[in-house]
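Keep in mind it's a predicted model, so treat the numbers as computed, not measured. Below, chain A is the first sequence line, B the second, and so on; all start at residue 1.
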Amino acid sequence: MAYWLMKSEPDEYSIDDLLRDKKSAWFGVRNYQARNFMRDDMKIGEGVLFYHSSCPQPGIAGIAKVASKPMPDKTQFEPGDYFEPKSTPEKPIWICVEVAAVKKIPLLSLATIRATPELESMRILQRGNRLSITPITDAEWNFINQHFVK
DNA sequence: GCCAACGTTGGC
DNA sequence: GCCAACGTTGGC
């Protein structure tokens with residue numbers, strides 16, 4: 001069992017959107033490392049911290065879980081921002097999973113994460129980290145659930 | 001809007 | 001395969 005943090009810009013897709021939809025494909029990831037986590041490592045039922053990025057109040061806004069096996073990201077075949085000319089249905093380049101809402105939590109702000117010694121190991125705090133999907137350790141997951149999830 | 005950090009591209 | 005140039009991310 002592993003745990004994950006997934007970033008989303010709330011203007012694009014927020015925890016409230018996921019609660020409304022119950023479940024959503026995590027399409028639009030165009031980074032190989034993040035894709036590989038979805039394709040190779042994420043398993044149905046694993047816990048996800050839903051992180052709001054590029055917004056006035058960045059931080060962890062809710063809990064979700066992995067809800068499907070890996071599947072082709074269909075937006076790579078559609079005209080628009082996510083189109084990938086090198087992809088074919090037989091050999092899709094971009095892979096995603098579905099994510100299901102669990103609950104919203106009181107915002108665990110980036111500032112609070114920074115100020116919490118038990119969370120200083122989190123990948124999102126490390127220098128230059130830009131990955132939109134990062135693993136979360138058991139210790140980090142348990143600490144956040146005990147202290148910040150109601 | 002700025003800028004540090006990192007990823008990707010493409011010429012050689 | 002190297003590496004400079006460019007693009008993107010994301011906090012501030």
Side-chain angles (χ1 to χ4, degrees), chain A residues 2-21 23-42 46-68 70-137 139-141 143-145 147-149:
Chain A
Y3 302 104
W4 306 95
L5 179 144
M6 300 175 88
K7 295 181 189 173
S8 183
E9 299 187 18
D11 285 353
E12 298 289 323
Y13 198 77
S14 70
I15 184 68
D16 293 315
D17 295 322
L18 186 61
L19 284 164
R20 179 200 63 212
D21 295 343
K23 190 167 88 162
S24 175
W26 205 261
F27 61 82
V29 169
R30 293 296 180 269
N31 169 284
Y32 288 106
Q33 238 184 308
R35 178 205 66 181
N36 292 349
F37 283 140
M38 291 195 283
R39 187 189 62 187
D40 304 333
D41 299 321
M42 294 175 83
E46 290 182 341
V48 172
L49 302 175
F50 193 112
Y51 181 92
H52 284 174
S53 68
S54 294
C55 60
Q57 294 259 337
I60 296 166
I63 307 292
K65 61 184 178 184
V66 179
S68 79
M71 58 178 70
D73 176 343
K74 66 179 170 57
T75 63
Q76 71 196 300
F77 305 118
E78 299 166 353
D81 291 346
Y82 298 123
F83 182 68
E84 172 54 70
K86 296 199 283 281
S87 279
T88 64
E90 295 72 30
K91 284 200 114 180
I93 294 174
W94 302 112
I95 300 296
C96 65
V97 296
E98 289 181 324
V99 167
V102 174
K103 56 164 57 169
K104 191 172 180 175
I105 66 171
L107 185 79
L108 169 50
S109 71
L110 180 58
T112 300
I113 295 171
R114 280 226 169 83
T116 303
E118 290 86 349
L119 299 179
E120 66 188 11
S121 58
M122 286 180 68
R123 295 268 290 261
I124 52 162
L125 298 185
Q126 286 159 27
R127 234 167 95 89
N129 171 77
R130 295 181 315 170
L131 260 190
S132 64
I133 301 176
T134 52
I136 294 296
T137 66
E140 291 158 357
W141 176 265
F143 186 86
I144 288 169
N145 273 272
H147 293 82
F148 299 104
V149 177

Let me have the donor-acceptor pairs involving side chains of residues 116-134 of chain A, under 3.5 Å, with sequence neighbours excluded, atom names and distances please.
| from | atom 1 | to | atom 2 | distance (Å) |
| --- | --- | --- | --- | --- |
| T116(A) | OG1 | T112(A) | O | 2.6 |
| S121(A) | OG | E140(A) | OE2 | 2.5 |
| Q126(A) | NE2 | S121(A) | O | 2.9 |

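- Applying the side chain to side chain donor-acceptor pair (under 3.5 Å) test to pairs two or more places apart or on separate chains, those with a residue in residues 83-92 of chain A are Q76(A)-S87(A), E84(A)-W94(A).
- When the ring pair (Phe, Tyr, Trp, His ring centres under 6.0 Å) test is applied to Y51(A), no partner is found at least two apart in sequence or on another chain.
- The salt bridge (charged side-chain N to carboxylate O under 4.0 Å, His left out) search around D21(A) returns none, not counting sequence neighbours.
- Within residues 114-123 of chain A, no residue has any heavy atom under 4.0 Å from DNA chain B.
- Under the rule for a salt bridge (charged side-chain N to carboxylate O under 4.0 Å, His left out), the partners of K23(A) that lie at least two apart in sequence or sit in another chain are E98(A).
- The salt bridge (charged side-chain N to carboxylate O under 4.0 Å, His left out) check on K104(A) picks up D16(A), with sequence neighbours excluded.
- Applying the side-chain hydrogen bond (donor to acceptor under 3.5 Å, both in side chains) test to D41(A) and every residue at least two apart in sequence or in another chain returns nothing.
- Judged as a ring pair (Phe, Tyr, Trp, His ring centres under 6.0 Å), and not counting sequence neighbours, the contacts of F143(A) are H147(A).
- Within residues 48-63 of chain A, no residue has a heavy atom under 4.0 Å from DNA chain B.
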Candidate pair R30(A) and T75(A), rule side-chain contact (heavy atoms from CB on, under 4.5 Å), full reasoning: CA-CA 11 Å; R30(A) 293 296 180 269; T75(A) 63; 3.1 Å; yes
Just distance, no hydrogens or angles: give the donor-acceptor pairs under 3.5 Å from side chains in residues 52-65 of chain A, sequence neighbours left out.
| from | atom 1 | to | atom 2 | distance (Å) |
| --- | --- | --- | --- | --- |
| H52(A) | NE2 | I15(A) | N | 3.1 |

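- Nucleotides of DNA chain B that come within less than 4.0 Å of any heavy atom of chain A span, from the 5' end to the 3' end, dA5(B) to dT8(B).
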